[in-house]
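One-based numbering, in listed order, for ligands and for the atoms of each. The structure presented is a predicted model; accordingly, all values stated were derived computationally and were not measured.
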Amino acid sequence: MKHYDAIVIGAGQAGSPLCKKLANAGKKTLMIEKRWIGGTCVNDGCTPTKAMVASAKAAYLAKRCTDLGVTIDSFHINMKQVKKRKDEIVMQSRNGGQKAIEKTENLDLLFGEAAFIGPKSIKVKLNAGGEEEVQADLIFLDAGATPVIPEIDGLKDIDYLTSTTILDLDEVPEHILIIGGNYVALEFAQMFHRFGSKISVLERGERIMAKEDEDVSEGLKQILVDEGLDIYTKAEVHHFEKAAGGIKASAIIGGEQKEFKCSHVLLAAGRKPLTDALLLDKTGVELDDKGFIKVNEKLETNVPGIYALGDVNGGPAFTHIAYNDYTIVYRNLIEGTDYKTTERPLPYCMFTDPQLGRVGLTEKQAREQGYEIKVAILPMKHVARAIEVSDTRGFMKAVVNAKTKEILGAAVLAEEGGEIMSVLQMAMEGGITYDRIRYCVFAHPTYSESLNNLFMKIED
Ligand SMILES: Cc1cc2nc3c(=O)[nH]c(=O)nc-3n(C[C@H](O)[C@H](O)[C@H](O)COP(=O)(O)OP(=O)(O)OC[C@H]3O[C@@H](n4cnc5c(N)ncnc54)[C@H](O)[C@@H]3O)c2cc1C
Ligand SMILES: NC(=O)c1ccc[n+]([C@@H]2O[C@H](COP(=O)([O-])OP(=O)(O)OC[C@H]3O[C@@H](n4cnc5c(N)ncnc54)[C@H](O)[C@@H]3O)[C@@H](O)[C@H]2O)c1
């Protein structure tokens, strides 16, 4: 059995950079990946979706360019070209990532599925055929997650789409019924609506993006409804069947029965960890009740020397968090630091248009945690930049500590909301209080300049 200093399972957003850094630090390292380098983010997550969101935005702007004094005779969506562009961007990233691993000294790469056969021993079922057994003192699990397929009567009898398979469409569907009302559902919903599909979003909770403050999720819902999407909450499909020319879905919405006829169904009901194939019982690594790998605040499992990073450990499922997991583990092990996951901020951005950039506490969380707070809200229709570019949808919201004047959290529902949120995140990390930002000199007319006015809304 070949021995390594370190084995990394999964070439996702934590595993890919980690294996290269470990090898460069002198550890004889093996990367095992069963699919493609780059994992979900590069191949069927962030990269392809944000490439397609950009195409959808071009369609949106083409549709409303007369508002800005530009008339075009007509436009149409070439879905094959949208897909080709997306595929090229994905392949560039995937191939670049693979080359970088292959040229790293001290680092081996095996394409195949890894499963434990002993506490620190792994069998790899090679994609090219055959098997290889390997062992290491340090093992890093970055196996990621996969779409949940909900148990709905009749689902197995229809062809449904997931966030992965929808990326292969090269024609615009007529009517997509989407199960779920969070990130995956809403990004695809708006994107395909802009390409020309009729969209029905069915979220079983009381609200879309239910973890956000009510004004934020309601504000976003209104924007999407104004754009022409049908959004149903307290909605649950209980039966699917094939119907002439499409699919029939029977749902209960707010206690009432409703039938839908659609051409496609997209499942966007969450993701589950990819742990089954790892046969973790052979090594004693513990899972939580949802099947995620249990880790401590330094990302080590209950088995010393085995770490779990990224989506598979049940932390926030974002690329930047998986990447940060890698930096915590790497720096603690190789540079002797003492970083913990509990000490990092949690920014994120949903790439609807307008975006929803979020960081820190929501208003509800801040109140629940007993802070004495003040809340600043600035509608985008009062923002010079938004008026000039003709996109005044949404608002900026910040929650501040009334005593210390520190910013506790922010939600920016705006064009480039993710970038504006990041400015506030930097202020939070640097301890810059809202009363300073109120008089900070920003370039005119940027979106960030409006942070002056946002904090003018707070009475000291
Ligand atoms: C449609 C969509 C859009 C998204 N958009 C965003 C976004 O805009 N911003 C953002 O921050 N996040 C986004 N995410 C989430 C983001 O993609 C994930 O949080 C991120 O990819 C997690 O990285 P990871 O390293 O944990 O796992 P992954 O990237 O999933 O990598 C895990 C890897 O492990 C491999 N693997 C699994 N089991 C084995 C095994 N037994 N043997 C060998 N290899 C194995 C898999 O093949 C995979 O390559 C999106 C997700 C989806 C689905
Ligand atoms: N821009 C981004 O950062 C981005 C984009 C896409 C995905 N992601 C990540 O991927 C993860 C997965 O996203 P997601 O949106 O698939 O999952 P999610 O877990 O965030 O949301 C799933 C939604 O589906 C609903 N749901 C579940 N079962 C249902 C049913 N049977 N009928 C109706 N509704 C149902 C849930 O109530 C929930 O609102 C997210 O947690 C996010 O971290 C991030």
Of all the non-hydrogen atoms in the protein, which one sits nearest to [atom], and at what distance?
atom	answer
atom 20 (C) of ligand 1	Thr319 OG1, 3.6 Å
atom 18 (C) of ligand 1	Asp311 OD2, 3.4 Å
atom 29 (O) of ligand 1	Thr40 N, 2.8 Å
atom 40 (C) of ligand 2	Tyr183 CD1, 3.7 Å
atom 21 (O) of ligand 1	Cys41 N, 3.2 Å
atom 46 (C) of ligand 1	Glu33 OE2, 3.5 Å
atom 42 (N) of ligand 1	Ala114 N, 3.0 Å
atom 23 (C) of ligand 2	Glu203 OE1, 3.7 Å
atom 14 (N) of ligand 1	Cys46 SG, 3.8 Å
atom 27 (O) of ligand 1	Gly144 CA, 3.4 Å

Does the N or O separation between [X] and ligand 2 drop below 3.5 Å for any pair?
X	value
Glu187	yes
Ala185	no
Val184	yes

I need the atoms of ligand 2 closer than 4.0 Å to a non-hydrogen atom of [X], numbered in the order shown.
X	value
Ile179	30 (C), 31 (N), 32 (N), 33 (C)
Gly180	24 (O), 25 (C), 33 (C), 34 (N)
Met350	1 (N)
Leu202	33 (C), 34 (N)
Cys349	1 (N), 2 (C), 3 (O)

Worksheet item: Hey, is Phe318 one of the residues with a heavy atom under 4.0 angstrom from ligand 2?
Response: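 Contact check Phe318 vs ligand 2: positive.
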
Fill in: ligand 2 contacted by Ala268 (non-hydrogen, < 4.0 Å)
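True for this residue.
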
I'd like to check which ligand 1 atoms, numbered from 1 as shown, lie under 4.0 Å from a non-hydrogen atom of [X].
X	answer
Trp36	49 (O)
Glu113	41 (N), 42 (N)
Thr49	1 (C), 3 (C)
Gly12	25 (O), 29 (O), 31 (O)
His320	11 (O)
Asp142	24 (P), 25 (O), 26 (O), 27 (O), 31 (O), 32 (C), 33 (C), 34 (O)
Ala14	25 (O)
Leu278	41 (N)

Worksheet item: Just wondering, are more than 12 heavy atoms of other shown residues or ligands nearer than 6.0 Å to NZ in Lys211?
Response: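 Count not over threshold, so no.
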
With the threshold set at 4.0 Å, does a side-chain nitrogen-carboxylate oxygen contact exist between [X] and [Y]?
X	Y	result
Glu286	Lys294	yes
Glu415	Lys57	yes
Glu227	Arg393	yes
Asp230	Lys198	yes
Asp213	Lys397	yes
Lys298	Asp325	no

Looking at [X] and [Y], what are the two nearest heavy atoms and their distance?
X	Y	value
Glu203	Gly181	OE1-N, 2.7 Å
Leu18	Val8	CD2-CG2, 4.4 Å
Ala59	Ile77	CB-CD1, 3.6 Å

Discussion item. If the test is side-chain contact (heavy atoms from CB on, under 4.5 Å), which one of Met396, Arg358, Gln355 qualifies with Val412?
Written reply: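 Testing each of Met396, Arg358, Gln355 against Val412, the sole residue satisfying side-chain contact (heavy atoms from CB on, under 4.5 Å) is Met396.
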
Heavy atom of [X], distance to ligand 1 below 4.0 Å:
X	value
Pro48	no
Thr146	no
Ala317	yes

Under 30°, 30 to 60°, or over 60°: which ring-plane class applies to [X] and [Y], parallel, tilted or perpendicular?
X	Y	answer
Phe140	Tyr307	parallel
Tyr330	Tyr326	tilted
Tyr232	Phe260	perpendicular

Practice prompt. Would you kindly specify which portion of Ile9 sits under 4.0 Å from ligand 1, judged on non-hydrogen atoms: side chain, backbone, both or neither?
Written response: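 Side chain only; the backbone of Ile9 stays clear of ligand 1.
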
Worksheet entry | Pair His175, Ser200: side-chain N/O donor-acceptor within cut-off below 3.5 Å |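 There is such a pair (donor and acceptor under 3.5 Å, judged by atom type) between the side chains of His175 and Ser200.
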
Worksheet item: Do Gln190 and Thr352 get their side chains close enough for a donor-acceptor pair, meaning under 3.5 Å?
Response: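 Result is no, nothing qualifies.
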
Practice prompt. Look at atom 5 (N) of ligand 1 and find which of Met350, Lys34, Arg35, Lys50 reaches it with the closest heavy atom.
Written response: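 Residue with the shortest heavy-atom distance to the ligand atom: Lys50.
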
Fill in: Among His238, Glu241, Glu259, side-chain hydrogen bond (donor to acceptor under 3.5 Å, both in side chains) partner for Ser250
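Answer to the side-chain hydrogen bond (donor to acceptor under 3.5 Å, both in side chains) test with Ser250 among His238, Glu241, Glu259: Glu259.
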
Item to complete: Answer whether the closest heavy-atom distance between the side chains of Met428 and Pro345 falls below 4.5 Å.
Response: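 Answer no - side chains too far apart.
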
